[in-house]
Amino acid sequence: MANLAEKLSPLHELAMPRSGSDKIILSERLCDSLVQVQAWPDSVGEVEKLINGTRGKRSVMPTGPGRWLIDDPAEGLEDKLRKKIGAELGAVTGLTHARVVVSISGEKATWVLASGIALDFDLSAFPTGTTQVGHHHEIGLTIHRTGENSFDLYVFTSLVRSFWQWIEKASAEPGFSVV
Amino acid sequence: MRLTCPYCGPRDHQEFTYRGDATAARPALDNTSVDDHNAYVYDRSNPDGLHRELWNHTSGCRTHMIVERNTVTHDVVSCEPVGPFAEQLK
C-alpha cells in the first residue's frame, strides 16, 4: 500500500536527471513548507515584524500589498505562523502541496525565461533576491531571483507538467541538463 | 499596451483583467428605482477619448486600479490604486 505521507512529484518521469549542456540547468523541488500570509491593511507593519522575527533560512517573498509567500526548508511553518498571526492580523494559507519549485540556472537562464515570460529580467529591474509575480500564457508564476543567472519559479502543481514541457523546449536551443 | 501597476510596475496588459467602467455609480441601497438600477447595469456612454476604467492585476499582485485611458489612441494617462491598500500604494 502506498505511503500517503510520502511526497510524490507531479513531474515524475518528466524531470528525471539527465546530462547535457551546462548552459541551462533545470531541477525541481517539492516544498517542505510554503505559506502565504496576507495582512489586513491596518496590520501590515505588525505582520511584517512577526514574519521577519522568525526569518532563519526562509525565503520571504513579497507578492502583493501586505502579502508574502514564505518558503521554509523545514516542515510545520504554517502552524507556527498561525499561532503568531491570528485572524485579527491577517490570513495564513498553507500552499506546500499547491506549488512545485522549478529551478533554472546557467548562462542562458535569463534568455530562456525572457522568451516566454513578459517581464523585464534585467538586473536593474529585477535584482537578485527579489520576487516578481507574472505568468507564462495562463500559468501563474511567482519568480524569485536567487542569483544573476538563477531563478526559482513557484508553479501551480496542477499545471507544472505543462510548464516543464515548455521550459524544456525553450531550453533546447542552447541545450540543458536536469539535475 | 502596457499598464503601470501601482505595486509591480509596468506590465503587459495581458496580465490584467478589465473590470468595467469606473465612472458608473451604483445607486444607493434604499433607491428602489428600477430605471436607476437598469441604467447602472446596462447604460454606458462609450466615450471617444479619455475614459476611466477599473482593471485588476490578475496575473500579478491582484491589486485593483483605475486606469485613465484614451479609447482612440490607447494612451494611458494614469493608473491609480483603489481598494483597502490604496493609501499604502500611493
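Only this structure's heavy atoms are used, side chains among them; waters, hydrogens and symmetry mates stay out. Every chain is numbered from 1 and lettered A, B, ... according to where its sequence line falls, protein lines coming before strand lines. All of these numbers come straight from a predicted model, not from anything done at the bench.
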State whether A:W111 and A:K108 meet the cation-pi test: NZ (Lys) or CZ (Arg) under 6.0 Å from the six-membered ring centroid, and within 45° of the perpendicular axis.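 So A:K108 does make the cation-pi contact.
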Bottom line for A:L141: the part with an atom under 4.5 Å from chain B's heavy atoms is neither
Could A:D32 and A:K7 be called an ion pair, given the rule that one side-chain N must be under 4.0 Å from one carboxylate O?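 Salt bridge: yes.
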Relative to chain B, which of A:T142, A:D120, A:L119, A:D42 shows the most heavy atom pairs under 4.5 Å?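 The candidate making the most pairs under 4.5 Å is A:L119.
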Under a 4.5 Å cutoff for heavy-atom pairs, which residue among A:E138, A:H135, A:Q132 has the most contacts with chain B? A:H135
Give, for atom NE2 of B:H13 and atom NE2 of B:H57, the distance between the pair rounded to the nearest 0.5 Å. 12.0 Å
Considering only heavy atoms, which portion of B:S59 lies under 4.5 Å from any heavy atom of chain A: side chain, backbone, both, or neither?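 Both parts, backbone and side chain.
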Could you check, using the six-membered ring where one of them is a Trp, whether A:F151 and A:F121 have ring centers closer than 6.0 angstrom?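 Close enough - the centres of the two rings lie under 6.0 Å apart.
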